[in-house]
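Right, one structure below, let's go through it.
The sequence lines fix the lettering, A, B, ..., with proteins before strands; numbering per chain opens at 1.
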Protein chains: 2
Amino acid sequence: MGKAQEPVSSVENAGGGRAADDLFRHYAEMITSGVLGEGDPLPPEREIVETHGVSRTVVREAVLALANKGLVDARPRFRPVVRKPSFDTAFETVDNVVARLLIQPGGVKNLFDTRIMIEAALVRQAATDAKKDDIAALKTALEANKAAIEDSELFYRTDTGFHAVLYQMPRNPILPAVHKAYTTWLAPQWSKMPRLPDRNRANFEAHAEIYQGILMRDQDAAEAALRAHLANAWNQVRETFGDI
Amino acid sequence: MGKAQEPVSSVENAGGGRAADDLFRHYAEMITSGVLGEGDPLPPEREIVETHGVSRTVVREAVLALANKGLVDARPRFRPVVRKPSFDTAFETVDNVVARLLIQPGGVKNLFDTRIMIEAALVRQAATDAKKDDIAALKTALEANKAAIEDSELFYRTDTGFHAVLYQMPRNPILPAVHKAYTTWLAPQWSKMPRLPDRNRANFEAHAEIYQGILMRDQDAAEAALRAHLANAWNQVRETFGDI
DNA sequence: TTTGATGTTTGGTCATACCAAAGCAGGTTT
DNA sequence: AAACCTGCTTTGGTATGACCAAACATCAAA
């Protein structure tokens, strides 16, 4: 074959985009439309080269893009497999950008404010909608939290666990993913803070108050307790890091 | 120089990862830490080849990854420039994954439910915190909405505009980005629905009710109006698309 | 000073080659 | 027959080298 440059690609090239982009869109479409389902492997790179009439460079860049966007899972020497879509992976793929946004002035505060807003909404909802099982799960988490007051490491995990229950209650898969994102992105601040049994005890008391509000079906009380709890947490952050 | 395979890279290779990944992390770190600021161009590919002792293949894959993750903006024949980080770009980069999640059963419903939760929280907050300017902005948006009742196309935009004001009021840059994400991802359903002046009028009335609740500093009324409004919107979606 | 021709830079693509590890097939040992 | 080597094949990762087209820089001509 000649040198190059004749647009041999069989993929849509109308957009005038780069060949790699077109190939990316081609497979992204195959995946989104379900032609390629979860767990299905992509064809070998050399096969795509033939079927699409492009160089391996282009194929690799396209596959790379699919992997970077979280559509496929590419491990060395294995065919890339279509990834199970989840909101968790969605948050993972933006980790780098978010990291940049958080180091900016007010970045962490902005994120934390949305957390307050969402958790306030969650506890209000819990106060009206919580089923018996939900209350039980919350109580279990609360008791685990209480038992961990002397062990700051364990307390941190049970603390997270208590809040996690709130995110699970609406049974909306988006919410636990949001919670995971919060804990991941706010961890740098949170984990570096001094943790003492006294602090733990105060936080446990706050959790208990939230639980009580939900148990009593008192939306306003539950929300107030939660806002006080998170506002206090933020103050602790500010004491440790100053204005960020 | 010999054939290949001696790990010449000056970037950290300790992780055992691929050279391209290491290079990606290298520049991602430079960007996140601010060594490379917004608008700064990356070195030419051929220069990176020399400074890091890797092939251009590797360099290209790394740069590709940076572009895919939204860290740099790469246009053909231009040096990639460090992109201004924003929550909007964060949402854009997950567009493909989210598209897959939304076509799944209950996907749109889950997303819409979170929207209800957030907007309910927003109007409650607005009812207590809204400043004079905020109220004015909301009123302006409401009047524009009213004036567009006969023009369904324009009504859709002013409708979105009214809700947008709610997201702007807390002055948290994350929230408008969230709103934009909602409108983008829910647009396929929303834009295909039959739009009639009668429907528009009903929606306007709902907006007016929300506005009134905020104006009267009545959290519960504002929230109730909003929930009724969005629940009604969802019913319209279901009438059009059935169970999705 | 403006305009134009020209060589240079730079990202995009192609082609080829080699490596290392994973998979596979067939034969050997126990 | 089951477990264990052994060597060939597959497949992604990397390295080179080359060429194109558009953007850019430079400098001579008008």
For this session: Can you sort out the partners of N96(A) under side chain to side chain donor-acceptor pair (under 3.5 Å), two or more places apart, ordered by chain and number?
Result: none
Exercise. R60(A) side chain N/O closer than 4.0 Å to the phosphate oxygens (OP1, OP2) of dG13(D)?
Worked result: yes
For this session: Measure from the side chain of E45(B), starting at C-beta and using heavy atoms only, and say which of dG11(C), dT13(C), dT14(D) lies closest.
Result: dG11(C)
For this session: May I have all residue pairs that pass ring pair (Phe, Tyr, Trp, His ring centres under 6.0 Å) and include part of residues 73-119 of chain A, sequence neighbours excluded?
Result: F91(A)-W185(A), F112(A)-W234(A)
Exercise. With E61(B), which residues qualify under side chain to side chain donor-acceptor pair (under 3.5 Å), at least two apart?
Worked result: R60(A)
Exercise. Which listed nucleotide (dG12(D), dC14(C), dT14(D)) is nearest to the side chain of V58(B)?
Worked result: dT14(D)
For this session: Please work out which residues in residues 65-84 of chain A have a non-hydrogen atom less than 4.0 Å from an atom of DNA chain D and list them by number.
Result: P76(A), R77(A), F78(A), R79(A), P80(A)
For this session: Choose from dA15(D), dT11(D), dA15(C) the nucleotide whose nearest atom is closest to any side-chain atom of R46(A).
Result: dT11(D)
Problem set entry | Partners meeting ring-ring contact (aromatic ring centres under 6.0 Å, His included) with H207(B) (sequence neighbours left out) | F162(B), H163(B), H229(B)
Exercise. For N203(B), which residues count as a side chain to side chain donor-acceptor pair (under 3.5 Å) partner, sequence neighbours excluded?
Worked result: none
Exercise. What's the verdict on side chain to side chain contact (heavy atoms under 4.5 Å, CB included) for L71(B) and R100(A), showing C-alpha distance, side-chain angles and the deciding distance?
Worked result: CA-CA 9 Å; L71(B) 291 177; R100(A) 287 184 69 196; 3.6 Å; yes
Exercise. Is the distance from OP1 or OP2 of dT14(D) to the nearest side-chain N or O of S55(B) less than 4.0 Å?
Worked result: no
